[in-house]
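Okay, so here's the structure we're looking at.
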Amino acid sequence: MLLISEDLDEVIELSDVVHVISIGRLSPGYRRGRKTVAELGAMMAGQGFDDAA
Amino acid sequence: MFRSRCAGARLWRFFGENGAGKTTLMNVLFGHYAADSGWIEMFGAPLPSGNPGAALARGVGMVHQHFTLAASLSVLDNIVLGTRSIWSPLSGRRAARRKVTALMADCGLRVDPEARIGNLTVGERQRVEILKALYRDARILILDEPTAVLTPQEAGVLFATLRRAVQRGLSVIFISHKLHEVTAICDRVVVLRHGRVAGEAEVAALDRHEIARMMVGAEIPAPVARPARPGRAAITLQGVSTADRGAVPGLRGVDLDLCAGQNTGLAGVTGNGQAALAGLLSGLNRPVEGRMTIHGEAPGDWTPRAAVAAGIARIPEDRHATGTVGDLDLTENAILERYTDAPISRMGWLDRKAARDWTRTIIETYDVRCPGPETPARLLSGGNMQKLILGCVLMTDPGVVLANQPVRARYRRADLCASPVAGRAGPGGRRCC
């Protein structure tokens, strides 16, 4: 199942692997527990993406 | 049957599962629907049935889940819309503006009165809806799932505002299905189940387990997360880009493996390419760059029909626009993607009995509350419409489920987790929780 959601808590609770999407770019998949809510939230705001991509 | 009383300036919470009757009850109260029997008494006098004008005049304000604002008008125009005769002189606008500004200062709901609605965030639009009700001197404010569209920070601000309004004498009826919000802000809670009052109590006297028990009529076992056993990649994307749509970006060089047997979550603020990805996977658009494989092969003609044939089922974001066809009945909706398959199609003919049986199975398995398979889909409440969509998706035993904003659309988490197929999910199947 691919779960698309704005609610980060829901995504984290229900997913085995989480990707973050920002301006059309997709992060690598992170297994459950590998990234904290704060880290994923920062990525949702565009941090950590390679701008050359 | 519904009997309840609302006294004094309090924060009330009507609370229940999807399809329990919360929104219906509020629509009766506001006069959108006429009650089949019984009566409503407000401030000691009976309220005419099915008359929103009368409800407004008596001080009932309602903030719908889907806002009713004119996007091309200013905040001020939206707030005063319908309160003045079209013949009234323009000078009335200055007085209206003064009243709105005073209201904003009073209740702490700040929005630029001259801003255009179309340029506001969802949270700001909700403030305008509340101001609209207060401008009409609402004494009872009904909010239908107000936090569904807000970030947690915005919800916190809303709660503080409502608390302040209640201290000034406003009664607030708050419709929700989120348990943790009840204990946070409400004084009294009424729990609805299957259209009946399942319980009613002071929030202080309850704990969350008791409320949950009232909601579903039994203890809910907590969903248990089992370790995933990911199988083969069902869909892979390598360096895939799609075209931009106006200001909404397409995908830019995306790599993704969607494996069978595991849940893949996509976190992101709406408008960052989710729609492009969902459209790509459901056959609505194609990569302009990069490579996509479905079950290991590059698809030839990539269309929605090809996506359905490849076992990709969708829970769409907008259940009215793309999830169901309102004027078709439940059977027609249920077979939309499979009317060419056996047993519904027999030698090229539609077997209506098989179609109805299939629909009845969905209705029973997923507890879709409706008069029967012949009901037009538009007559279902939101919650029941979702159960129908979920049933259609999961009963076809799809290889991949694409769930776009299912929680915002208020699918119960329990339904997503405890689907009948979850039990036999392994490396070959999909997996829910």
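When heavy atoms are compared at a cutoff of 4.5 Å, B/L277 approaches chain A solely by way of its side chain, counted from C-beta outward. Proximity to chain A is limited to the side chain of B/L281, based on heavy atoms less than 4.5 angstrom apart. Heavy atoms closer than 4.5 Å to chain B are found in both the backbone and the side chain of A/I21. Residue B/L251 touches chain A through both its backbone and its side chain, counting heavy-atom pairs closer than 4.5 Å. In this structure, chain B has heavy atoms under 4.5 Å from both the backbone and the side chain of A/V17.
Annotation: maximal heavy-atom pairing with chain B below 4.5 Å, among A/V18, A/I23, A/V11, occurs at A/I23. When B/G273, B/P249, B/A276 are compared by the number of non-hydrogen pairs under 4.5 Å with chain A, B/P249 comes out ahead. Per-residue counts of heavy-atom pairs under 4.5 Å with chain A were compared for B/G265, B/A313, B/G268; the largest is that of B/G265.
Ion pair B/E337/B/R314 flagged as a salt bridge, since at least one NZ, NE, NH1 or NH2 atom sits closer than 4.0 Å to an Asp/Glu carboxylate oxygen. For the pair B/R232 and B/D257, the salt-bridge criterion is not met [side-chain N within less than 4.0 Å of a carboxylate O].
Contact check for B/T236 versus B/L256: no side-chain heavy atoms found under the 4.5 Å cut-off. Counting heavy atoms from C-beta outward, B/P316 and B/N404 have side chains that stay 4.5 Å or more apart.
Other residues, nucleotides and ligands contribute more than 12 heavy atoms inside 6.0 Å of the CD atom of A/E39.
For B/A307 against B/G283, the heavy-atom pair with the smallest separation is CB-N, 4.1 Å.
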